[in-house]
Engineer: 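First the structure, then my questions, so here it is.
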Amino acid sequence: MEVTLVSDNSTSLSYWLRWEFFFCLLSVLTSTIIASVLIWKYEGSSNSERAYSLYDGEAWVPCVKGLNPVWLLAFRIVASCLLLAASIADVATHGTNLFYYYTQWTLILTIFYFVFGSLLSTCACMRQHKICNAHSRHTDAEKGMYTRLTKAGTDNAVNELGECYFSQAAAFWGYIFQIVFQMTAGAVMLTDGVYWLVIFPFLTIVDYEMSFLTVVVHSLNLVLLLGDTAMNSLGFPWFRISYFILFTACYVMFEWIVHAFVATWWPYPFLNVSEQYAPMWYWMVAVLHLPCYAMFAVLVKTKYFILSRWFPESYNCLR
């Protein structure tokens with residue numbers, strides 16, 4: 001869906017030498033500096049005592065003990081396929097200009113999250129299967145006979161191994177995966193929230209196409225991410241909103257660079273810095289990062305509260 005919003009010639013120097021752009025630039029720079037300070041303070045400092053350390057099992061062990069990790073793996077594979085199919089269909093229908101949109105950036109990020117999660121879950125399940133086989137052979141050798149594991153025994157072994165991995169230090173890729181999860185959650189909340197609450201009801205665009213595919217692209221990512229969140233054991237530390245902010249800042253700077261060299265349309269009207277109220281829109285979107293990230297953080301905390309209060313025996317406690 002291409003929306004043509006023609007503006008002044010953005011390739012001219014005079015387009016950028018205006019007070020509106022400098023206030024827009026100030027909003028992006030301020031957000032980037034704050035995000036960088038948070039990363040340096042909580043992620044880059046030499047202090048090893050961090051409030052939210054990640055354990056190996058959090059990337060692939062479900063938050064409910066009775067749920068086999070294979071189910072989380074299967075969900076991530078299915079989600080990857082659905083989102084990839086939606087993205088391919090959208091690009092095939094509306095063209096590559098879709099990559100100018102933040103929506104498409106978020107969709108690609110979400111696909112990357114589920115593909116990354118599928119790989120981590122696959123490796124972990126394979127490792128778990130090998131350990132189960134080794135444990136079975138060791139037990140059989142002690143008994144002097146081959147004993148076939150029952151389903152209950154296998155489930156218990158799965159839970160014991162999950163608890164064992166929870167006690168280990170975080171693997172590097174699991175640490176990266178948690179960052180991607182939190183960045184994806186914030187971007188999805190911002191994308192779908194702005195689209196359905198701001199763009200769709202209040203902006204009148206000529207020949208605007210509201211198709212089934214458009215609805216899917218702006219809602220399926222959130223639905224699948226919530227499904228994964230309901231099962232996974234990932235934490236949601238507040239300071240990692242910084243990565244979400246940097247993701248958006250990269251998108252804005254990408255748009256500025258493209259328009260500085262190519263006189264083309266703006267995917268969103270409020271990105272056009274020649275508009276009188278552009279600075280207000282930039283600052284509003286910057287502030288919107290807080291409630292978008294906070295809403296998802298509340299959902300995660302609510303999930304763990306319900307599990308710990310109502311299902312304490314089945315809850316895989318993270319800490």
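Reckoned from all heavy atoms, side chains included, excluding hydrogens, waters and symmetry mates.
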Engineer: Any donor-acceptor pair under 3.5 Å linking the side chain of Ser10 with the backbone of Ala260?
Structural biologist: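 No.
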Engineer: Where the side chain of Trp196 meets the backbone of His218, is there a donor-acceptor pair that is under 3.5 Å apart?
Structural biologist: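 Side chain of Trp196 to backbone of His218, a donor-acceptor pair under 3.5 Å: yes, one is there.
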Engineer: State, yes or no, whether a side-chain contact exists between Phe244 and Ile241 at a heavy-atom distance under 4.5 Å.
Structural biologist: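 Yes, side chains in contact.
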Engineer: At their closest point, which heavy atom of Leu120 faces which heavy atom of Ala59, and how far apart are they?
Structural biologist: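 Closest approach of Leu120 to Ala59: CD1-CB, 4.1 Å.
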Engineer: Tell me, with the steps shown, if Val64 and Phe311 meet side-chain contact (heavy atoms from CB on, under 4.5 Å).
Structural biologist: CA-CA 9 Å; Val64 178; Phe311 309 99; over 6 Å; no
Engineer: Please find the pair of heavy atoms, one from Gly235 and one from Pro237, that lie closest to each other, and give the distance.
Structural biologist: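 Minimum heavy-atom separation between Gly235 and Pro237: C-CD, 3.6 Å.
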Engineer: Quick check for you: to the nearest 0.5 Å, what is the distance between Thr106 atom OG1 and Asp192 atom CG?
Structural biologist: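 Taking OG1 in Thr106 and CG in Asp192, the distance rounds to 8.0 Å.
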Engineer: Can you check whether Leu299 reaches Lys303 side chain to side chain, under 4.5 Å on heavy atoms?
Structural biologist: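 SC-SC contact between Leu299 and Lys303 ruled out.
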Engineer: Could you tell me how the ring of Trp16 sits relative to the ring of Trp256: parallel (under 30°), tilted (30 to 60°) or perpendicular (over 60°)?
Structural biologist: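 Taking Trp256 first and then Trp16, their aromatic rings stand perpendicular (interplane angle over 60°).
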Engineer: I'd like to check Val217 versus Leu98 (side-chain heavy atoms, cut-off strictly below 4.5 Å). Are they in contact?
Structural biologist: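 No. Closest side-chain heavy atoms not under 4.5 Å.
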Engineer: Please walk me through it: do Thr32 and Leu246 pass side-chain contact (heavy atoms from CB on, under 4.5 Å)?
Structural biologist: CA-CA 6 Å; Thr32 303; Leu246 291 179; 3.8 Å; yes
Engineer: Using 0.5 Å steps for rounding, measure from the CG atom of Leu83 to the OH atom of Tyr113.
Structural biologist: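 Between atom CG of Leu83 and atom OH of Tyr113 there are 11.5 Å.
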Engineer: More than 12 heavy atoms of other residues, nucleotides or ligands under 6.0 Å from OH of Tyr277: yes or no?
Structural biologist: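 Result for OH/Tyr277: open.
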Engineer: When the ring planes of Trp238 and Tyr42 are compared, do they come out parallel, tilted or perpendicular, using 30° and 60° as the limits?
Structural biologist: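 Aromatic pair Trp238/Tyr42 classed perpendicular.
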Engineer: Would you mind listing every salt bridge (charged side-chain N to carboxylate O under 4.0 Å, His left out) that reaches into residues 243-266, with sequence neighbours excluded?
Structural biologist: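 Salt bridge (charged side-chain N to carboxylate O under 4.0 Å, His left out) check on residues 243-266 returns no pairs.
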Engineer: Picking from Tyr251, Tyr268, Tyr195, what satisfies ring-ring contact (aromatic ring centres under 6.0 Å, His included) with Tyr101?
Structural biologist: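 Answer to the ring-ring contact (aromatic ring centres under 6.0 Å, His included) test with Tyr101 among Tyr251, Tyr268, Tyr195: Tyr268.
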Engineer: Less than 4.5 Å apart, side chain to side chain, heavy atoms only: is that true for Leu234 and Phe177?
Structural biologist: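 Leu234 vs Phe177: side chains touch.
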Engineer: Same cluster or not: are Val223 and Val188 linked, directly or through other Ile, Leu, Val, Met, Phe, Trp or Tyr residues, by side-chain heavy atoms under 4.5 angstrom apart?
Structural biologist: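 In one cluster with Val223: Val188, no.
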Engineer: Is there a side-chain contact between Phe112 and Val180 (heavy atoms, below 4.5 Å)?
Structural biologist: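 A side-chain contact exists here, since the closest heavy-atom pair is under 4.5 Å.
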Engineer: Just wondering, are more than 12 heavy atoms of other shown residues or ligands nearer than 6.0 Å to OH in Tyr100?
Structural biologist: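 It does not: Tyr100 OH has 12 such atoms or fewer within range.
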Engineer: According to the interplanar angle, ranging from 0 to 90°, do the rings of His259 and Trp266 count as parallel (below 30°), tilted (30 to 60°) or perpendicular (above 60°)?
Structural biologist: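 Answer is parallel, since the angle falls under 30°.
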Engineer: So, does Ser233 use its side chain to make a donor-acceptor pair with the main chain of Glu58 at under 3.5 Å?
Structural biologist: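 It does not hold such a pair.
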Engineer: Using 0.5 Å steps for rounding, measure from the CE atom of Met183 to the OG1 atom of Thr110.
Structural biologist: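 Rounded to the nearest 0.5 Å, the CE-OG1 separation comes to 10.0 Å.
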Engineer: I need the minimum non-hydrogen distance between Leu220 and Ala86, along with the two atoms involved.
Structural biologist: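 Between these two residues, the closest heavy atoms are CD2-CB, 4.5 Å.
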Engineer: Could you give the distance from CG (Leu107) to CZ (Phe99), rounded to the nearest 0.5 Å?
Structural biologist: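 Interatomic distance, Leu107 CG to Phe99 CZ, rounded to 0.5 Å: 9.0 Å.
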Engineer: Using the six-membered ring wherever Trp is involved, compare the ring planes of Phe236 and Phe181 and label them parallel, tilted or perpendicular (cut-offs 30° and 60°).
Structural biologist: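 Rings of Phe236 and Phe181: perpendicular, as their planes differ by over 60°.
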Engineer: Going through the distances and angles, do Phe75 and Met231 end up as a side-chain contact (heavy atoms from CB on, under 4.5 Å)?
Structural biologist: CA-CA 9 Å; Phe75 180 86; Met231 289 187 288; 3.4 Å; yes
Engineer: Please round to the nearest 0.5 Å and tell me the distance separating atom OG of Ser118 and atom CG of Leu72.
Structural biologist: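 Those atoms lie 8.5 Å apart.
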Engineer: Hey, could you give me each pair passing salt bridge (charged side-chain N to carboxylate O under 4.0 Å, His left out) that has a residue in residues 68-79? Not counting sequence neighbours.
Structural biologist: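 Found Arg76-Asp228.
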Engineer: Do Phe261 and Leu271 belong together in a cluster built from hydrophobic side chains that touch within less than 4.5 Å?
Structural biologist: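 No.
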Engineer: For residues 17-29, please give each side-chain donor-acceptor pair under 3.5 Å, one per line with the distance, not counting sequence neighbours.
Structural biologist:
residue: Arg18; atom: NE; partner: Tyr15; partner atom: O; Å: 2.7
residue: Ser27; atom: OG; partner: Cys24; partner atom: O; Å: 2.5

Engineer: Using a 4.5 Å cut-off on heavy atoms from C-beta on, say whether the side chain of Lys301 contacts that of Val298.
Structural biologist: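 SC-SC contact between Val298 and Lys301 ruled out.
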Engineer: Is there a donor-acceptor pair closer than 3.5 Å between any side-chain N or O of Tyr243 and the backbone N or O of Ala35?
Structural biologist: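 Pair absent, no side-chain N/O of Tyr243 close to backbone of Ala35.
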Engineer: Rounded at 0.5 Å granularity, tell me how far CG in Asn272 sits from CH2 in Trp281.
Structural biologist: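 One finds 13.5 Å between CG of Asn272 and CH2 of Trp281.
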Engineer: Taking all non-hydrogen atoms of both residues into account, name the closest pair between Cys63 and Leu307 and its distance.
Structural biologist: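 Taking Cys63 first and Leu307 second, the nearest heavy atoms are SG-CD1, 3.6 Å.
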Engineer: Just wondering, do Thr96 and Val91 contact through their side chains at under 4.5 Å, heavy atoms?
Structural biologist: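 Sidechains of Thr96 and Val91: in contact.
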Engineer: Do Val287 and Met280 land in one hydrophobic cluster if side-chain heavy atoms of ILVMFWY residues count as linked below 4.5 Å?
Structural biologist: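 Different hydrophobic clusters.
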Engineer: Compare every heavy atom of Ile39 with every heavy atom of Ser242, then report the nearest pair and how far apart it is.
Structural biologist: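 Looks like OG-CG1, 3.2 Å.
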Engineer: Using only atom types and a distance under 3.5 Å, with no angle test, would you say the side chain of Ser308 pairs donor to acceptor with the backbone of Phe305?
Structural biologist: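 The answer is yes, because a donor-acceptor pair under 3.5 Å joins these two groups.
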Engineer: So which heavy atom on Ala187 is nearest to which on Phe247, and how close?
Structural biologist: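 Minimum heavy-atom contact is CB-CE2, 4.0 Å.
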Engineer: Do the side chains of Val215 and Tyr102 join up, straight or via other hydrophobic residues, at under 4.5 Å, putting them in one cluster?
Structural biologist: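 Yes, Val215 and Tyr102 fall within the same hydrophobic cluster.
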Engineer: Determine whether Trp60 and Asn232 make a side-chain contact, defined as any pair of heavy atoms from C-beta on separated by less than 4.5 Å.
Structural biologist: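 No, side chains not in contact.
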Engineer: Is Leu82 linked to Leu73 within one hydrophobic cluster, defined over Ile, Leu, Val, Met, Phe, Trp and Tyr using a side-chain heavy-atom separation of less than 4.5 Å?
Structural biologist: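 No, no single cluster joins them.
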